[in-house]
Participant: 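Below is a structure I'd like to ask you about.
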Amino acid sequence: MHNMTDSLPVRSNPSARPISRHHSANYIVHRVKESLSTRVSKFICAIFLTLLLCLGIVFFILWINLRPHRPRFHIREFSIPGLGNTDGFETSHISFKITAHNPNQKVSVYYYSMEGSVYYKEKRVGSTNLTHPLYQDPKDTSLIEGVLRGPTMAVNKDRWKQMGRDRNQGKVVFRLDVVSTIRFKVYSWHSKRHKMHANCYIEVGWDGMLLSRTKDKRCPVYFS
């Protein structure tokens with residue numbers, strides 16, 4: 001009896017057949033093209049990211065250099081003579097000097113009309129116009145002077161006595177509020193208008209003169 005296994009046909013595995021040279025060459029070419037396209041895509045992405053990073057650095061440097069900084073105000077002089085005189089309120093006057101400094105290197109500042117008001121215990125004792133429109137170049141400093149007297153003063157007898165009591169205790173505290181509408185300029189670009197306040201806190205002694213500890217003191221500046 002013949003063996004059944006010897007008579008059965010044997011089917012070869014297609015996957016075991018040798019790959020033709022043509023098929024192998026096409027596969028290699030496809031892989032090479034795929035590798036080249038991947039490399040080109042990565043190269044383009046790298047260039048794009050590098051340009052984006054460089055532009056970001058350039059814009060950041062420009063923003064640092066061209067970003068407007070607030071003007072800086074310092075109190076130089078302040079006096080209110082006659083504090084020791086009981087009837088001094090009838091002829092009292094206040095005089096002061098402040099400096100306005102533009103700290104920017106590339107940005108100019110344009111001030112519209114500026115007003116200065118003096119407060120005692122948060123009650124206004126006088127106000128006056130300080131300057132006409134003022135233009136400041138970068139790193140420029142301007143001296144601004146003001147005098148309050150007559151109709152610009154609002155000091156009555158009771159308030160004058162309060163000042164005298166503070167004087168007898170060693171100091172009288174005032175607040176000078178400088179208000180102006182300003183605009184920044186960078187080359188040909190102009191910013192919108194900002195309402196600026198500079199608050200200078202002042203201490204005067206028994207003689208009505210500015211105490212040394214508040215002379216040249218920087219005044220906080222804010223926009224409203």
Side-chain angles (χ1 to χ4, degrees), residues 69-103 109-136 139-183 193-224:
H69 295 279
R70 299 174 184 179
R72 295 176 184 174
F73 285 78
H74 293 81
I75 183 71
R76 299 299 186 193
E77 297 180 13
F78 189 97
S79 65
I80 175 169
L83 274 179
N85 187 350
T86 306
D87 298 327
F89 70 95
E90 296 179 353
T91 58
S92 63
H93 70 276
I94 295 175
S95 62
F96 57 86
K97 293 180 181 180
I98 57 175
T99 56
H101 174 66
N102 178 11
V109 181
Y110 183 83
Y111 298 85
Y112 294 85
S113 58
M114 188 181 297
E115 183 182 38
S117 300
V118 177
Y119 292 83
Y120 169 71
K121 296 186 181 297
E122 293 308 314
K123 294 182 179 180
R124 189 164 66 174
V125 298
S127 63
T128 184
N129 292 326
L130 298 178
T131 64
H132 296 293
L134 173 66
Y135 179 81
Q136 276 191 327
K139 294 296 182 180
D140 193 15
T141 302
S142 302
L143 179 65
I144 300 170
E145 302 181 46
V147 178
L148 306 177
R149 60 161 47 96
T152 62
M153 289 284 288
V155 181
N156 54 31
K157 187 175 182 179
D158 293 335
R159 193 169 298 174
W160 190 260
K161 287 182 178 179
Q162 289 180 339
M163 294 180 186
R165 286 193 292 267
D166 290 345
R167 169 188 174 274
N168 294 335
Q169 294 178 359
K171 66 179 180 181
V172 185
V173 180
F174 295 94
R175 180 172 66 87
L176 172 62
D177 183 24
V178 179
V179 182
S180 179
T181 301
I182 69 172
R183 186 177 63 185
R193 297 183 181 186
H194 303 273
K195 189 173 183 180
M196 183 211 71
H197 293 261
N199 281 315
C200 303
Y201 292 91
I202 299 157
E203 296 178 359
V204 300
W206 63 271
D207 57 353
M209 303 298 291
L210 182 67
L211 292 177
S212 58
R213 61 172 171 262
T214 55
K215 186 177 182 179
D216 297 329
K217 187 176 181 180
R218 185 172 172 178
C219 308
V221 175
Y222 66 94
F223 295 138
S224 63

Participant: Can you confirm whether or not the ring centre of F174 sits under 6.0 Å from the ring centre of F78?
Facilitator: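 Yes, they do, as the ring centres are separated by less than 6.0 Å.
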
Participant: Would I202 and V173 count as a side chain to side chain contact (heavy atoms under 4.5 Å, CB included) here? Give the steps.
Facilitator: CA-CA 6 Å; I202 299 157; V173 180; over 6 Å; no

Participant: If I compare all heavy atoms of H101 with all of P103, which pair ends up nearest, and what's the gap?
Facilitator: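 So the minimum-distance heavy-atom pair works out to O-CD, 3.3 Å.
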
Participant: So do the side chains of V221 and N199 get within less than 4.5 Å of each other, counting heavy atoms only?
Facilitator: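 No, side chains not in contact.
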
Participant: Is any side-chain heavy atom of K215 closer than 4.5 Å to a side-chain heavy atom of R76?
Facilitator: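 No, side chains not in contact.
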
Participant: Looking at V172 and M163, what are the two nearest heavy atoms and their distance?
Facilitator: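 Heavy-atom minimum between the residues: CG2-O, 3.4 Å.
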
Participant: Y111 versus P133: any side-chain heavy-atom pair under 4.5 Å?
Facilitator: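 Result no, sub-4.5 Å side-chain heavy-atom pair not found.
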
Participant: Hey, is NZ on K139 packed in by over 12 heavy atoms from elsewhere, all under 6.0 Å?
Facilitator: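 Counting other residues, nucleotides and ligands, NZ of K139 exceeds 12 neighbours.
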
Participant: For a quick check under 3.5 Å, do S95 and S79 share a side-chain donor-acceptor pair by atom type?
Facilitator: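 Indeed, the side chains of S95 and S79 share at least one donor-acceptor pair under 3.5 Å.
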
Participant: When rounded to the nearest 0.5 angstrom, what distance separates CD in E145 from NZ in K97?
Facilitator: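 Separation between the atoms: 4.5 Å.
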
Participant: Any heavy-atom pair between the side chains of V118 and R175 that's under 4.5 Å?
Facilitator: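 R175 vs V118: side chains apart.
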
Participant: Examine R70 relative to F223 and say whether NZ or CZ is less than 6.0 Å from the centre of the six-membered ring and inside a 45° cone about the ring axis.
Facilitator: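 Satisfied, under 6.0 Å and within 45°.
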
Participant: Could you tell me if the side chain of H74 sits less than 4.5 Å from the side chain of K217, heavy atoms only?
Facilitator: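 No, too far: nothing below the 4.5 Å cut-off.
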
Participant: For H197, enumerate each residue passing the ring pair (Phe, Tyr, Trp, His ring centres under 6.0 Å) test, keeping only those at least two apart in sequence or located in another chain.
Facilitator: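 Expected list: Y222.
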
Participant: Could you tell me which residues satisfy ring pair (Phe, Tyr, Trp, His ring centres under 6.0 Å) with Y112, sequence neighbours excluded, listed by chain and number?
Facilitator: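 With neighbours one apart ignored, the set is Y110.
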
Participant: Provide the closest heavy-atom pair for S127 versus L148 in the form atom of the first, atom of the second, distance.
Facilitator: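 Of all heavy-atom pairs spanning S127 and L148, the closest is C-CD2, 3.5 Å.
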
Participant: What are the two closest non-hydrogen atoms of W160 and V155, and how far apart are they?
Facilitator: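 Where W160 meets V155 most closely, the heavy atoms are CE3-CG1, 3.7 Å.
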
Participant: Does the side chain of K123 reach to within under 4.5 Å of the side chain of R159, using non-hydrogen atoms?
Facilitator: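 Sidechains of R159 and K123: in contact.
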
Participant: Atom CD1 in I94, atom CD1 in I80: separation rounded to 0.5 Å?
Facilitator: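 Answer rounded to 0.5 Å: 4.0 Å.
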
Participant: Could you give me the CA-CA distance, side-chain angles and deciding distance for D177 and E115, then say whether side chain to side chain contact (heavy atoms under 4.5 Å, CB included) is met?
Facilitator: CA-CA 8 Å; D177 183 24; E115 183 182 38; over 6 Å; no

Participant: Is there a side-chain contact between R149 and T128, using heavy atoms and a 4.5 Å cut-off?
Facilitator: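 With C-beta onward as the side chain, the pair stays apart.
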
Participant: What heavy-atom pair brings I98 and L143 nearest, and what distance separates the two atoms?
Facilitator: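 Closest approach of I98 to L143: O-CD1, 3.5 Å.
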
Participant: Taking Y120 for its side chain and Q162 for its backbone only, find out whether a donor-acceptor pair lies under 3.5 Å.
Facilitator: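 At least one qualifying donor-acceptor pair exists.
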
Participant: I would like to know whether L211 and V204 meet side chain to side chain contact (heavy atoms under 4.5 Å, CB included); could you show each step before the answer?
Facilitator: CA-CA 5 Å; L211 292 177; V204 300; 5.6 Å; no

Participant: Of all the heavy-atom pairs spanning S113 and S180, show the shortest one and how long it is.
Facilitator: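 Taking every non-hydrogen atom into account, O-OG, 3.8 Å.
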
Participant: When rounded to the nearest 0.5 angstrom, what is the spacing between OH in Y135 and CG in D140?
Facilitator: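 Y135 atom OH to D140 atom CG measures 9.5 Å (nearest 0.5 Å).
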
Participant: Could you check whether D166 pairs with K121 (Lys NZ or Arg NE/NH1/NH2 to Asp/Glu carboxylate O, under 4.0 Å)?
Facilitator: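 Salt bridge flag = yes for K121 with D166.
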
Participant: Looking only at side-chain N and O atoms, does Q136 offer a donor or acceptor that is under 3.5 Å from a partner on S142?
Facilitator: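 Side-chain D/A pair, S142 to Q136: present.
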
Participant: Does any part of the side chain of M196, heavy atoms only, come nearer than 4.5 Å to the side chain of P71, both counted from C-beta?
Facilitator: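 Side chain of P71 against side chain of M196, heavy atoms only: contact under 4.5 Å found.
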
Participant: Determine whether a donor-acceptor pair (N or O, by modelled atom type, separation under 3.5 Å) exists between the side chain of R167 and the backbone of W206.
Facilitator: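 Yes; judged by distance alone, with no hydrogens or angles, the pair exists.
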
